[in-house]
Structures are given as structure tokens and as C-alpha cells.
Amino acid sequence: MWWGVAAALVANLLYSAGFVLEKRALAALPEVSVRRPARLLRLVLGSPLWIGGSLALASGFGAQLVVYRTLPIAAAQGIFVSGLVILVLLSSVLLGEETSGRERYALAAILLALLMVVLSLKEGSDTVGRDAPAPLILLVCVPSLALGVWLYGSAERRARHRHRMPTTGVEYGVAVGLLYGVSSLAVKGVSSHLTADGPGGALLGLLRSPYPYLLLFTGAFGLVMSQAALQRCRASLIVPVCTTVTCLFTAVLGTLAFGEALPGDPLRLALRTGGTALAVGVLLVMPRHDGPPEPPPPSSERELPTHEPRRPAAEDPGVPAGQGTAAPPGKGDEERRGGGTGRT
């Protein structure tokens, strides 16, 4: 079990570092879009910094295989959530991102919710599931993938509307989190097939299962969707939201699919279900925009005259008070300037 805990902590560090490196690389690249995936791949593969981030994420994937072989799904998700602290620290140091007070409270509530899920665990009473029926996995994963893709497309359509406030990325985080949740279940399934006798039997059993194909789908779509979302939104917000959705999805549906029974004790059951409800509620009330756009300047400021108009003499500090405005120049003015009355 301690090997699993250590592997989960290493995976947290690798995942957080990978996301921050990718975010920093994307900030220096032209705008990417899911509608042009070939261009997106060409741009990111030409960035050494992005390649370093992707290698860190791949290494985290390898550590995750060890975690799922030694720890129950819910316990693993509880440890994975500690990576949010590492992510926020790295985003602040390397990206200069700052979270608002409301967002910090929301993240604290999410950590509390997942802590409740962890406290619902009891060593020795929670079993590690090894396999799940393929029809059940497909029943859980296929609608979730469809919902994630639809939600991402809906967020993209709203973001393209003119005069909208900049989005914080909550919708993107939920959509990508659903895909990564399916990927997490597929990783769990792959780890269970690695225990088969002999590499040949393990490979044959793995190819007969839906897990490698789910990994291919989530890997391809998740790569394109996550990179576009990371470029537009703050990593210190979108990654915690994505992580929360992934952890809850995996802990709840993975526990049921792989036959890891819920606790029978009422207190532990209340902690697990209450933590799940709290995390979902926080996601629903998190701010969806970074702030209102700056109002346009008033018309009087937009149409300033090229030079200040002449003030009346009564308002001119150089003219004595009580003296009216000067009459327009005429014949009398010309005579006075000549020094006489103008009559002979």
C-alpha cells in the first residue's frame, strides 16, 4: 500500500509540472483551435518546452498504473487531489497566475469535499477491484464521452460570441475532466490486465477489452481539447476543475463498475456521499467569467475638441469680475486703436 501512496505523490508532481510546462509553452504559440487539430499538433510538436511537459504527463500516466494496482479507486483519487496544491504553487511561481478570493474559497471547499471522501475509507475493509464487465464499462463511458464533447463544443460556441466576458474555463474543465475520467477508468482496466500470467496472455486479454480503445479516443480528443483550453484559460483554475471532475467521476462510477462496494457504516457512507455532493455544488457556483469588460469611455471623452474653446470674460481669471464679454470688433475699435475719435 505504501508503494501506491508514493506512486500517487510522484504522479501528482509529474502531472502538475506537465500541465504548467504545457501552459507556458502554449502562451508563446499562436492561437490554437480544436477546429484545426493538424495545425495544433504541428505547433505544439515544434515546441521543446511543450514536449517536456507532455513527457512529464506520460510519466505520470506510468505512475498511475502502479497506484491502481495497489490502492482502491476512491483512496487513489483522494491522494491525487493533493496535486492541486502543487499545481497552484507552480502556476504562481512559473506562470504568475493569481486566483481570486472567491476561487480560493471554492478550491478550499473542493479539497474539503475530497477529504471527506478520503475519511470515508478504512484500511483493510476496502478491496481493490480487478476487473469490470465490458458492457458496463461501455454503458458508463460512452455517454460520458458524448457529454464531454458536447459540453466542450457548447462552450466553444458561446466563447465565439462577440462582446462576451472572458471565460474562466469552468466549462472547459468539466468537459475535459469527463474525458480524463473515462481515461482514468481505462487506466484502471489496463492495470488489472497486467496481472495476467505471461505477457502474451496479458496482451491478448487487453486487446479483447474496451480499455485500449477508450485510451486511444480519450488520448486523441483530450490532447486537442485540453491544449486549446489551457491556452485560453488560467491553469490554476482549469486544471483543478478538471482534476475534481476526474476524481469524482472515477471514485463514484469506478467504484461501482469495478465492484468496490460502498461503506456499510452510516458515518462513512455519509462522508463519501456528502463529499461528492459538496464538490459538485461548488463546481456549479464557481465564477464562469474573469470579470466584466471595461465600459467604453463616455461620448464627451471620445469626441474631445482639438483645442479648448475660449471661456467667457466673466470666467476668465485675467479679466476683472463684473466686466462683461467684449463686443465684436467694429468701426469704433478701429478708431480707438488709431488714437482718436475718428471725427474731424
Side-chain angles (χ1 to χ4, degrees), residues 11 15 34 37 57-58 60-65 67-69 71-78 80-81 114 117 127-156 171-196 202-227 229 238-239 241-262 272-273 276 279-280 283:
Y15 279 135
V34 294
L57 291 177
F61 169 81
Q64 195 175 6
L65 287 174
V67 174
Y68 283 138
R69 292 186 61 180
L71 293 178
I73 292 177
Q77 305 311 309
F80 284 148
V81 78
L114 291 171
V117 174
T127 59
V128 179
R130 296 300 180 187
D131 200 5
L136 180 59
I137 289 293
L138 293 176
L139 181 64
V140 169
C141 293
V142 172
S144 302
L145 292 175
L147 177 61
V149 173
W150 175 84
L151 183 60
Y152 192 96
S154 178
E156 282 280 284
E171 296 95 337
Y172 291 118
V174 173
V176 177
L178 287 174
L179 264 71
Y180 284 167
V182 173
S183 178
S184 186
L185 290 185
V187 172
K188 170 66 176 177
V190 170
S191 68
S192 65
H193 281 79
L194 295 180
T195 59
L203 179 61
L204 183 60
L206 184 61
L207 292 177
R208 290 177 177 175
S209 70
Y211 304 122
Y213 312 106
L214 289 174
L215 280 177
L216 287 175
F217 182 89
T218 55
F221 278 79
L223 172 64
V224 175
M225 292 165 58
S226 63
Q227 300 312 302
I238 189 173
V239 175
V241 171
C242 175
T243 302
T244 302
V245 174
T246 300
C247 289
L248 290 174
F249 181 93
T250 308
V252 176
L253 297 180
T255 297
L256 297 176
F258 285 88
E260 298 179 353
L262 293 174
R272 192 167 299 184
T273 56
T276 302
V280 173
L283 286 178

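By the ring-ring contact (aromatic ring centres under 6.0 Å, His included) test, Y211 pairs with H193, sequence neighbours left out. Checked against ring-ring contact (aromatic ring centres under 6.0 Å, His included), Y152 has the following partners two or more places apart in sequence or in another chain: Y172. In this structure, L256 has no side-chain contact (heavy atoms from CB on, under 4.5 Å) partners at least two apart in sequence or on a different chain.
Proximity of a side-chain donor or acceptor of Y180 to a complementary backbone N or O of T218 within less than 3.5 Å is not detected. In this structure, Y213 contributes its side chain and L207 its backbone to a donor-acceptor pair below 3.5 Å. Looking only at distances, a side-chain donor or acceptor of T243 sits under 3.5 Å from a matching main-chain atom of V239.
Heavy atoms only, all atoms of each residue included: L138 and P143 are closest at O-CD, 3.7 Å. Here the closest heavy-atom approach between residue P37 and residue V224 is recorded as CB-CG2, 4.2 Å. Contact between R69 and S191 at its shortest, heavy atoms only, is CG-CB, 3.6 Å. Taking each heavy atom of A11 and G60 in turn, the nearest pair found is CB-O, 3.9 Å. Nearest approach of P210 to I137, heavy atoms of both residues: CG-CG2, 4.3 Å. Shortest non-hydrogen contact noted between V149 and L179 is N-CD1, 4.3 Å.
Side-chain contact between F249 and T246 is absent, with no heavy atoms from C-beta onward closer than 4.5 Å. Taking the side chain as every heavy atom from C-beta outward, S184 and F80 never approach each other to under 4.5 Å. Between T250 and Y68 the shortest side-chain heavy-atom distance falls below 4.5 Å. Within the 4.5 Å cutoff, the side chain of V176 has no heavy atoms near those of the F221 side chain. The shortest distance between side-chain heavy atoms of L145 and L214 falls below 4.5 Å.
To the nearest 0.5 Å, atoms CG (L178) and SG (C242) are separated by 9.0 Å. Atoms CD and OG, on Q64 and S183 in that order, are 7.0 Å from each other to the nearest 0.5 Å.
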